[in-house]
A.B. asks: 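Here it is, the structure, as structure tokens.
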Amino acid sequence: MPEMLEVELYRQLATRVLGRVIARVDAPDQWFLKGRLTGDHVRDALVGRSFGADRRIGKLLLLDVVDGPTLGLRFGMTGRLIVDGEAAIARLEYGAAAGRSAWDRFGIAFDDGGSLVLRDPRRLGGVELDPDESRLGPDALEVTPAQLRGILARSAAPLKARLLDQSRLAGVGNLLADEMLWRAGLDPARVASSLTPAEVRRLHRHLRDTLDELTDRGGSHTGDLQVMRSTDGVCPKDGEPLQQRTIGGRTTYSCPRHQR
DNA sequence: CCGGATGTTCACCT
DNA sequence: GAGGTGAACATCCG
């Protein structure tokens with residue numbers, strides 16, 4: 001589920017807990033604590049304090065502790081955020097089983113009785129203290145055309161692989177990458193540096209439009225290409241059968257007719 | 001039963 | 001150094 005659009009919804013949901021006093025930290029899954037972090041470390045840093053700000057860079061949700069460190073939350077492919085028992089996204093992944101508390105990997109209880117829980121069936125997400133934010137490129141919602149040009153310049157990697165590289169551009173995941181390239185009419189396998197200035201501008205425009213439109217529709221999985229992929233497998237623009245390949249290590253769908 | 005899935009990291013190749 | 005591949009994580013879905 002979570003690409004940056006979903007994490008942005010999680011961030012908005014997390015705004016509710018700002019200012020509340022943290023009473024308890026539940027870290028039942030050591031695997032979920034990244035690096036050498038332990039439950040006690042997190043407790044020492046959080047209990048008795050409160051969050052002063054919520055931020056997001058790409059797919060990373062950041063909660064700044066007042067007079068303390070920053071809590072970093074990652075959601076992997078199936079992580080969800082639940083605040084006061086309420087999920088940000090009504091549509092549940094994993095069907096009716098989306099609400100199994102056995103998948104609660106990390107939780108915070110506040111002294112007002114409320115809570116913030118990270119529920120992740122596949123355990124691909126994680127928790128960090130003071131994550132290294134410098135490892136992430138500019139957020140895809142903020143990237144300028146000039147920055148995008150720089151990201152693609154001098155790279156022999158496939159265009160899509162470059163867009164997925166979080167250290168260069170933060171937030172674009174597999175579904176969003178396919179959707180924006182399909183909209184922009186660009187072949188995901190093109191060498192990144194081969195794009196003309198006009199093509200980079202076109203990509204930037206479609207990057208913005210894709211993020212805006214799929215936010216309105218309700219998530220990363222609501223793209224035209226994604227929807228079509230699950231039905232008859234032809235390009236919604238021109239009816240050409242969609243091509244399936246692996247690019248940048250990820251399953252990739254594209255239209256061989258209009259994506260060049 | 002088998003393969004694949006929205007992510008990240010790491011080991012190992014070329 | 002730059003990229004690619006495959007594995008790992010655990011679970012559900014088609």
Side-chain angles (χ1 to χ4, degrees), chain A residues 1-10 28-37 56-61 72-81 88-89 91-106 118-128 131-133 135-137 140 151-182 188-194 210-211 214-215 217-223 225-227 229-233 244-253:
Chain A
M1 285 200 83
E3 286 197 34
M4 61 179 291
L5 302 183
E6 286 74 27
V7 179
E8 173 60 17
L9 293 178
Y10 297 164
D29 187 354
Q30 180 57 45
W31 161 261
F32 219 69
L33 305 179
K34 298 308 175 186
R36 266 168 282 164
L37 195 61
R56 177 191 60 79
I57 305 176
K59 305 166 192 170
L60 176 65
L61 176 60
L73 302 178
R74 295 185 172 281
F75 298 89
M77 287 206 276
T78 57
R80 316 164 51 78
L81 189 71
I89 300 169
R91 177 199 161 84
L92 300 182
E93 199 71 7
Y94 283 25
R100 294 232 312 246
S101 58
W103 298 331
D104 290 356
R105 312 299 181 186
F106 183 79
L118 207 171
R119 180 170 293 174
D120 182 4
R122 286 183 60 182
R123 285 169 94 206
L124 297 177
V127 173
E128 294 173 88
D132 184 358
E133 300 177 27
R135 294 179 61 189
L136 293 172
I151 288 165
L152 302 178
R154 293 176 300 282
S155 169
L159 173 56
K160 179 181 172 181
R162 201 69 168 178
L163 294 176
L164 290 176
D165 184 342
Q166 301 297 301
S167 71
R168 298 198 155 80
L169 178 67
V172 175
N174 198 35
L175 300 183
L176 288 176
D178 275 5
E179 178 75 10
M180 67 183 66
L181 290 171
W182 174 80
R190 278 273 295 278
V191 171
S193 60
S194 74
T210 300
L211 296 178
L214 299 205
T215 294
R217 290 190 197 173
S220 304
H221 55 282
T222 61
L225 185 62
Q226 170 75 10
V227 169
R229 190 216 279 193
S230 58
T231 54
D232 57 0
Q244 180 182 344
R245 292 172 286 180
T246 297
I247 298 176
R250 311 301 300 279
T251 298
T252 300
Y253 292 87

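Labels below follow one simple rule: chain letters A, B, ... track the order of the sequence lines, proteins then strands, and each chain is numbered from 1.
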A.B. asks: Taking CD from A:Glu128 and P from B:dT8, how many angstroms apart are they, rounded to a whole number?
C.D. replies: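 Roughly 11 Å, once rounded to whole Å.
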A.B. asks: Has A:Arg105 got a side-chain atom pairing as donor or acceptor with A:Asp29's backbone, closer than 3.5 angstrom?
C.D. replies: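 Pair absent, no side-chain N/O of A:Arg105 close to backbone of A:Asp29.
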A.B. asks: Tell me whether the side-chain N/O atoms of A:Lys59 come closer than 4.0 Å to OP1 or OP2 in B:dT8.
C.D. replies: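 Yes, because at least one side-chain N or O of A:Lys59 sits under 4.0 Å from OP1 or OP2 of B:dT8.
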A.B. asks: Would you kindly give the CG-to-P distance between A:Asp120 and C:dC9, to the nearest whole Å?
C.D. replies: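 Spelled out: CG on A:Asp120 to P on C:dC9 is 15 Å.
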A.B. asks: Look at all strands and tell whether A:Arg154 reaches a base, only sugar-phosphate, or nothing, counting heavy atoms closer than 4.0 Å.
C.D. replies: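 Touches nothing.
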A.B. asks: Between C:dG3 and B:dT6, how many Å separate the two P atoms, rounded to a whole number?
C.D. replies: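 Taking atom P in both C:dG3 and B:dT6, they lie 22 Å apart.
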A.B. asks: Without decimals, in angstroms, what is the distance between A:Gln226 CD and B:dA5 C1'?
C.D. replies: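 Rounded to whole Å, this separation is 10 Å.
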A.B. asks: Counting the atoms with a prime plus P, OP1 and OP2 as sugar-phosphate, which does A:Thr251 contact under 4.0 Å by heavy atoms, base, sugar-phosphate, or nothing?
C.D. replies: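 It contacts sugar-phosphate atoms only.
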A.B. asks: Identify which nucleotide among B:dA5, C:dT11, C:dC9 has an atom closest to any side-chain atom of A:Met77, counting heavy atoms from C-beta outward.
C.D. replies: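 The closest nucleotide is B:dA5.
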A.B. asks: Taking a pair as Watson-Crick or G-U wobble with both distances under 3.5 Å, which nucleotide is matched to C:dC9?
C.D. replies: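 With both distances under 3.5 Å, C:dC9 matches B:dG7.
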A.B. asks: Can you see if the side chain of A:Ser155 gets near the phosphate of C:dG3 - specifically, an N or O under 4.0 Å from OP1 or OP2?
C.D. replies: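 It does, given that an N or O in the side chain of A:Ser155 lies less than 4.0 Å from OP1 or OP2 of C:dG3.
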A.B. asks: By nearest atom, which of the nucleotides C:dC9, B:dG7, C:dT11 is closest to the A:Arg250 side chain?
C.D. replies: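 Of the candidates, B:dG7 comes closest.
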A.B. asks: Between C:dC9, B:dG7, B:dT8, which nucleotide has the shortest distance from any of its atoms to the side chain of A:Gln166?
C.D. replies: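 The listed nucleotide nearest to A:Gln166's side chain is B:dT8.
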A.B. asks: Would you check, one step at a time, whether the test salt bridge (charged side-chain N to carboxylate O under 4.0 Å, His left out) holds for A:Lys34 with A:Glu128?
C.D. replies: CA-CA 6 Å; A:Lys34 298 308 175 186; A:Glu128 294 173 88; over 6 Å; no
A.B. asks: Sort out the partner of C:dA2 for me: Watson-Crick or G-U wobble, both distances under 3.5 Å, none otherwise.
C.D. replies: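 Here C:dA2 is engaged in a pair, and the nucleotide opposite it is B:dT14.
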A.B. asks: For the side chain of A:Pro158, counting heavy atoms from C-beta on, which of B:dT6, C:dG3, C:dC9 is nearest?
C.D. replies: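 Of B:dT6, C:dG3, C:dC9, C:dG3 is nearest to the side chain of A:Pro158.
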A.B. asks: From the list C:dA10, C:dG3, B:dG7, which nucleotide is the closest neighbour of the side chain of A:Arg105?
C.D. replies: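 That would be C:dA10.
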A.B. asks: Figure out the CG/C1' separation between A:Leu164 and B:dT6, and round it to whole Å.
C.D. replies: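 Taking atom C1' of B:dT6 as the reference, CG of A:Leu164 is at 11 Å.
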A.B. asks: Tell me if a side-chain donor or acceptor on A:Glu179 pairs with a main-chain N or O of A:Asn174 at a distance below 3.5 Å.
C.D. replies: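 Side chain of A:Glu179 to backbone of A:Asn174: no pair is present.
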A.B. asks: Please give, in whole Å, the distance from B:dT6 P to A:Leu61 CG?
C.D. replies: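 That distance rounds to 22 Å.
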A.B. asks: Given C:dT11, C:dG4, B:dG7, identify the nucleotide with an atom nearest to the side chain of A:Pro121.
C.D. replies: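 My answer, after comparing the listed nucleotides, is C:dT11.
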A.B. asks: Considering only atom P, compute the distance from C:dC12 to B:dT8 and round it to an integer number of Å.
C.D. replies: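 Roughly 22 Å separates the two P atoms.
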A.B. asks: Start with the C-alpha distance between A:Asp178 and A:Gln226, add both sets of side-chain angles, then the distance that settles side-chain contact (heavy atoms from CB on, under 4.5 Å), and finish with yes or no.
C.D. replies: CA-CA 8 Å; A:Asp178 275 5; A:Gln226 170 75 10; over 6 Å; no
A.B. asks: Whole-Å distance between B:dT8 P and A:Arg168 CZ?
C.D. replies: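 Atom-to-atom, A:Arg168 to B:dT8, this comes out as 15 Å.
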A.B. asks: Return the nearest nucleotide to the side chain of A:Arg123; candidates are B:dT6, C:dA10, C:dT11.
C.D. replies: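 Among B:dT6, C:dA10, C:dT11, the one nearest the side chain of A:Arg123 is C:dA10.
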A.B. asks: Where the side chain of A:Arg122 is concerned, which of B:dA5, B:dT8, C:dG3 is the nearest nucleotide?
C.D. replies: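 Among B:dA5, B:dT8, C:dG3, the one nearest the side chain of A:Arg122 is B:dA5.
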A.B. asks: Can you tell me the distance, in whole Å, between the CZ atom of A:Phe75 and the P atom of B:dG7?
C.D. replies: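 Atom-to-atom, A:Phe75 to B:dG7, this comes out as 14 Å.
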A.B. asks: When you get a sec, tell me which of C:dA10, B:dT8, B:dT6 is the closest nucleotide to the side chain of A:Leu175?
C.D. replies: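 Closest nucleotide among those given: B:dT6.
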A.B. asks: Determine whether a donor-acceptor pair (N or O, by modelled atom type, separation under 3.5 Å) exists between the side chain of A:Arg80 and the backbone of A:Tyr10.
C.D. replies: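 Flag not set: sc A:Arg80 to bb A:Tyr10 has no pair under 3.5 Å.
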A.B. asks: What's the spacing between A:Thr215 OG1 and A:Leu9 CG if we round to 0.5 Å?
C.D. replies: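 Here the rounded value is 7.0 Å.
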A.B. asks: Please report, rounded to the nearest Å, how far the P atom of C:dT11 is from the CG atom of A:Asp29.
C.D. replies: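 Result: 10 Å.
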